[in-house]
Asks: 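Here it is, the structure in full.
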Amino acid sequence: MGSGDLKNDQKDLVWRYAHCAGLWRRKQGRNFASLESDMRAGYAIVADGIAIEARQGHPVILTDAKDPAFFAAIFKNDDGATPEMRALDLERLRGFIIGGEGELPMAPPRLAESASA
C-alpha cells in the first residue's frame, strides 16, 4: 500500500474514533459529511480536525486538532487527559476504537448532560 488509499480496517478505525469522540465529547457526532472522500485522498489529510495518513506501518490517525485531549486519552493511553472519564470507560473505548473489540460504549448521562450545557 502506498500513501494513497486507506484500507478498510483503517477507515473503520477512523469512523469508530470519530463516532466515539462525538458521543463522548460533544453529544452529537463529528460533522464531516465528506469523510469517505477525504479518506480516499489518503496521505496526511484532515477531516473535521482529524489528521489521517495511509502509509503502512504508521498510525492511521495522527492528531485531532479539535479534541487533542480525547486523542491523547485514546492513542497515547493518557488517563489524565480526560479526567471526567473513568479508567474503565477509557479502557473500553480504546478496545472498541483501536481494536474494534466489544460493543460501542455509550457515554454515561452525566457526560451527555455536561456536553449539552
Side-chain angles (χ1 to χ4, degrees):
M1 176 175 75
S3 63
D5 296 320
L6 291 173
K7 291 182 175 181
N8 285 337
D9 61 332
Q10 293 173 314
K11 289 180 184 181
D12 291 346
L13 184 144
V14 174
W15 276 110
R16 288 191 303 268
Y17 174 80
H19 186 69
C20 288
L23 284 174
W24 282 79
R25 304 289 284 179
R26 291 184 188 83
K27 191 175 181 183
Q28 298 178 2
R30 301 286 295 239
N31 183 20
F32 49 93
S34 65
L35 179 60
E36 185 66 28
S37 64
D38 288 344
M39 286 195 291
R40 279 191 209 123
Y43 182 78
I45 57 156
V46 178
D48 195 43
I50 301 170
I52 58 177
E53 183 175 28
R55 291 191 310 161
Q56 188 173 12
H58 294 271
V60 67
I61 298 178
L62 305 174
T63 62
D64 184 350
K66 289 190 174 183
D67 200 344
F70 189 73
F71 174 84
I74 299 302
F75 293 106
K76 305 286 185 188
N77 292 323
D78 184 352
D79 292 346
T82 53
E84 72 281 3
M85 296 174 71
R86 299 177 311 166
L88 178 61
D89 292 332
L90 282 172
E91 182 180 325
R92 291 177 59 219
L93 279 167
R94 288 178 189 129
F96 179 77
I97 293 169
I98 296 169
E101 301 167 356
E103 295 182 13
L104 170 65
M106 298 303 291
R110 65 182 169 77
L111 291 180
E113 291 166 6
S114 65
S116 63

Asks: When you compare the side chain of P68 with that of T63, does any pair of heavy atoms fall below 4.5 Å?
Replies: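 Side chain of T63 against side chain of P68, heavy atoms only: no contact under 4.5 Å found.
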
Asks: Heavy atoms, side chains only, cut-off 4.5 Å: are I74 and I61 in contact?
Replies: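 Sidechains of I61 and I74: no contact.
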
Asks: Could you report the tightest heavy-atom contact between A72 and A81, atom names first, then the distance?
Replies: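 For A72 and A81, the tightest heavy-atom pair comes out as CB-CB, 4.0 Å.
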
Asks: Between F70 and Y17, how do the two ring planes meet: parallel, tilted or perpendicular, split at 30° and 60°?
Replies: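 Because their plane-to-plane angle lies in the 30° to 60° range, the rings of F70 and Y17 count as tilted.
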
Asks: Quick check: do F75 and D64 have side-chain heavy atoms less than 4.5 Å from each other?
Replies: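 F75 does not reach D64 side chain to side chain.
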
Asks: Distance from E91 atom CD to E101 atom CD, nearest 0.5 Å?
Replies: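 If we round to the nearest 0.5 Å, E91:CD and E101:CD are 10.0 Å apart.
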
Asks: Which value, rounded to the nearest 0.5 Å, describes the distance between L13 atom CG and D9 atom CG?
Replies: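 Result: 8.0 Å between the selected atoms.
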
Asks: Looking at every heavy atom in both D78 and R94, which two are closest together, and how far apart are they?
Replies: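 Taking every non-hydrogen atom into account, N-NH2, 3.8 Å.
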
Asks: With rounding to the nearest 0.5 Å, note down the distance linking CG in L93 to CG in L88.
Replies: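 Interatomic distance, L93 CG to L88 CG, rounded to 0.5 Å: 9.5 Å.
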
Asks: Quick one: pull up CH2 in W24 and CG in D89 and give me the separation to the nearest 0.5 Å.
Replies: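 CG of D89 is found 3.5 Å from CH2 of W24.
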
Asks: Taking atom CG of D79 and atom CG of L90, what is their separation to the nearest 0.5 Å?
Replies: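 Spacing of CG (D79) from CG (L90) equals 5.5 Å.
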
Asks: Between A107 and L23, which heavy-atom pair has the shortest distance, and what is it?
Replies: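 Scanning both residues completely, I find the closest heavy atoms to be CB-O, 3.7 Å.
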
Asks: Rounded at 0.5 Å granularity, tell me how far CZ in R92 sits from CD1 in I97.
Replies: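 The distance works out to 11.5 Å.
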
Asks: Does any non-hydrogen side-chain atom of F96 lie less than 4.5 Å from one of E103?
Replies: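 No, side chains not in contact.
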
